[in-house]
Amino acid sequence: MNNAVLHVADVHKSFGGLRALTDIDLQVEEGTTHAIIGPNGAGKSTLLNVCIGRIAPDTGAVVFDGQVITGKKPHEINQMGVVRVFQTPEIFPELTLLQNVMVPAFAKRDGAFRLNGVQSALSQNDIREEAEHWLADVGLKEQKDLIAASLSRGDKRRLELAMGLTQHPRLLLLDEPTAGMSRHDTNSTIELLKKFKARGMTKVIIEHDMHVVFSLADRITVLAQGRIIADGTPDEVRGNPKVQEAYLGGTH
Ligand code: ADP
Ligand code: MG
């Protein structure tokens with residue numbers, strides 16, 4: 001595949017005697033939504049952490065946009081456009097929605113802006129506008145002056161996505177983005193992710209909820225006990241007996 005944005009090449013990772021990832025090879029193509037599914041403990045979060053530089057693989061490499069990123073620091077990988085959305089939304093609960101989005105937008109800008117008071121004030125206006133733009137994009141503009149703690153789980157996820165958008169993601173990684181959500185919030189998250197997909201954004205999504213997986217995924221990789229047991233289109237994976245077996249024999 002020439003248009004792979006992300007290539008995980010032959011990755012192994014053990015924690016002591018536990019083989020969390022064995023022989024992992026997968027490619028994520030530009031513009032696609034690639035789901036990673038599998039029973040609890042399969043190694044999904046470990047794989048994501050390897051991709052963002054939080055966990056170093058024992059062997060193998062991760063290539064993003066043609067560059068080996070294994071060994072780079074998480075913030076360096078983030079600056080390259082790899083943005084991760086966490087299982088529990090990481091927001092500043094005591095700040096307003098607008099302030100929440102201004103923080104990463106500000107951090108993204110060149111530090112030189114901060115040297116001059118006038119420029120700094122100007123850039124603040126800029127950043128406010130930018131933050132408002134991203135809040136509108138996720139459907140939260142009206143609520144911009146609310147305190148983030150007051151939001152529903154689904155709206156916190158929207159806010160976190162708006163914060164992620166300030167980083168201009170080339171690849172968005174989502175670890176169980178609908179965990180703990182009501183059906184209503186889950187569906188609205190699906191709609192938002194579909195909107196990003198229509199724009200051509202490349203996404204990797206770890207998800208338990210099969211409704212979410214089959215609503216969004218172009219391709220599915222199934223992990224069990226640290227190995228890839230299936231990889232293919234949703235239809236191919238759905239009918240795969242190994243996958244059904246892994247779920248029936250899983251820990252949940
Ligand atoms: P999943 O996200 O698919 O539920 P994880 O990647 O979190 O699975 O975990 C895979 C396996 O690795 C599990 O057996 C888990 O207990 C183990 N594991 C994950 N992180 C660590 C760690 N930092 N230290 C030791 N064991 C870990
Ligand atoms: Mg996990």
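Along the sequence shown, residues are numbered consecutively beginning with 1. Heavy atoms only: backbone and side chains are in, while hydrogens, waters and symmetry mates are out. Read the numbers this way: they start at 1 and go in the same order the structure lists the ligands and their atoms.
Residues E160 and V85 come closest through the heavy atom pair OE1-CG1, 3.0 Å.
Side-chain N or O atoms of D25 include one that pairs as donor or acceptor with a backbone N or O of D10 at under 3.5 Å.
Metal site remark for the Mg ion (ligand 2): S45 contributes an N, O or S atom at a distance under 2.8 Å.
Contacts classified as side-chain hydrogen bond (donor to acceptor under 3.5 Å, both in side chains) and involving residues 46-68 (residues at least two apart or in different chains) are given here: N49-R84, D65-R170.
Using a 4.0 Å cut-off between a side-chain N of Lys or Arg and a carboxylate O of Asp or Glu, K44 and D175 do not qualify as a salt bridge.
Expressed to the nearest 0.5 Å, how far CG of L146 lies from CG of L151 amounts to 6.5 Å.
Taking 4.5 Å as the limit, some side-chain heavy atom of C51 sits within range of a side-chain heavy atom of V8.
Within 4.0 Å of ligand 1, contacts by protein heavy atoms are made from F15, L18, A20, P39, N40, G41, A42, G43, K44, S45, T46.
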